[in-house]
There are 2 protein chains.
Amino acid sequence: MTEQTLWNRTRQAVYDEIARTAMGLFLAHGFEATTIDEIAKAAGISRRSFFRYFGTKEDIVLGDLAAKGELARVALEARPDGEDPWTALRQAFHAIKDVAYDGETMLKVTRMMYETPSLRARHIEKHLQWQASLLPEVRRRLRADATDPLDVRAEALVACAITCLDVAGEAWARSNGAVTLPELFDSAAAALRP
Amino acid sequence: MTEQTLWNRTRQAVYDEIARTAMGLFLAHGFEATTIDEIAKAAGISRRSFFRYFGTKEDIVLGDLAAKGELARVALEARPDGEDPWTALRQAFHAIKDVAYDGETMLKVTRMMYETPSLRARHIEKHLQWQASLLPEVRRRLRADATDPLDVRAEALVACAITCLDVAGEAWARSNGAVTLPELFDSAAAALRP
DNA sequence: TGCCTACCTGGCACTGAGTGCCAACCAGGC
DNA sequence: GCCTGGTTGGCACTCAGTGCCAGGTAGGCA
């Protein structure tokens, strides 16, 4: 982890402040309708400085997604060694929890994510990084040969598990929270193995 | 289908010419390194006119992907009624054939697609449209209730079938064509039901 | 105390994608 | 010959994102 110097703490505070401000604007006027100039102005920083904290506008919304992927990887590696890889993946994904906002806000943010094309695209892009980070462990469990061009079992399992999570997320956003995300995820995953 | 007036035929010819020219530039200098100004100049049209044929640079590469989705939908609807939905999806995807370029070029284009972030993102976006278009038929076969927020079986099946195709495509591009795409797709799909 | 270094900041200029608007053009129908 | 629908190029604009530079500020050190 990054050591907690004064610099880093200040930086983190500014980062959080920008994210908070921007999210408020997004929820009030929509993601696409909010320009980076507006965010910078509202957060009291220059446009140029904004890009020192966030590479793109999308990163504000999807910031902690990479961290969640690491959570899933750690959880997967903690699953018992003999467990069926697909089951292990399913269980590992239950370790992912959203704590950034309260339930109502989380629903709004999720809906925004699935409805805004550029956000949706970046979201999936981050999932591709999850895939890369989970792949080695699933390969190990399958005793798969990474050099065999025909053996795509590990890739397929990981990618489809993530896809199920995505399907569940979209259904959750549409359902207005009538059902829980883990419930939906299990329902999606079960559909593949009747 | 659009009726074949003189206007439409001319328009189609220009469209094809732009696509051909642009693809040549992409393969020669890379997708991101090629600007729209360069494409327009090489194709002998104005920058403004380019955007009347293609909404984005990515659409040049992914142009016929929507048509392929329709191909898959038609093939799915033609599968026998009693067939297991997952099997029907698998078989339907075998109807998708690439005929746009010769094998070697197709490999290069595919590799470019998987390696360029913006292309990859749009590619997945198009796949989301496939999902929407295939969903009703799979729901019908599952006798699924579209209003039940917990029933995500159809979504999961369609999305994962597409994901398998995507996994297969990436593996194919990486393998330099050592194995065929249908082979890889079957291998990926089989991994989910051992 | 004063200097040096590291890091941050705002501002400016630039590229490149994508859009709105307008004046000009051209083929076919009446 | 005129009208109409569709097209074209050009101009100006917005917005995202990057490179560069000059200035500030905190902390370490002599």
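Every chain is numbered from 1, with letters handed out A, B, ... down the list of sequences.
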Separation of atom CD1 in A:Ile45 from atom P in D:dG24, rounded to whole Å: 20 Å
Check: C:dG18 base within 3.5 Å donor-acceptor of B:Arg47 side chain: yes
Distance-only side-chain donor-acceptor flag, B:Asp59 / B:Tyr53, under 3.5 Å: no
Whole-Å distance separating the CZ atom of A:Phe31 from the P atom of D:dC15: 14 Å
Neighbours of DNA chain C within residues 48-57 of chain A, by heavy-atom distance under 4.0 Å: A:Arg48, A:Ser49, A:Arg52, A:Tyr53
Between C:dG16 (P) and B:Ile36 (CD1): distance, integer Å: 11 Å
A:Asp145 versus A:Thr147, side-chain donor and acceptor atoms under 3.5 Å: yes
Atom-pair distance (CD1 on A:Ile60; P on D:dA16), nearest Å: 10 Å
d(CG, A:Leu25; C1', D:dC15) in whole Å: 16 Å
Which atom of B:Tyr114 lies closest to which atom of B:Asp166, heavy atoms considered: OH-O, 3.0 Å
Interatomic distance, B:Glu32 CD vs D:dT18 P [rounded to whole Å]: 11 Å
Whole-Å gap separating C1' (D:dG5) and CZ (B:Arg11): 14 Å
Salt bridge flag under 4.0 Å for residues B:Asp81 and B:Arg140: yes
A:Thr116-A:Glu32 side chain donor-acceptor pair, cut-off 3.5 Å: no
Residues that A:His94 engages under ring-ring contact (aromatic ring centres under 6.0 Å, His included), provided they are two or more places apart: A:Phe185
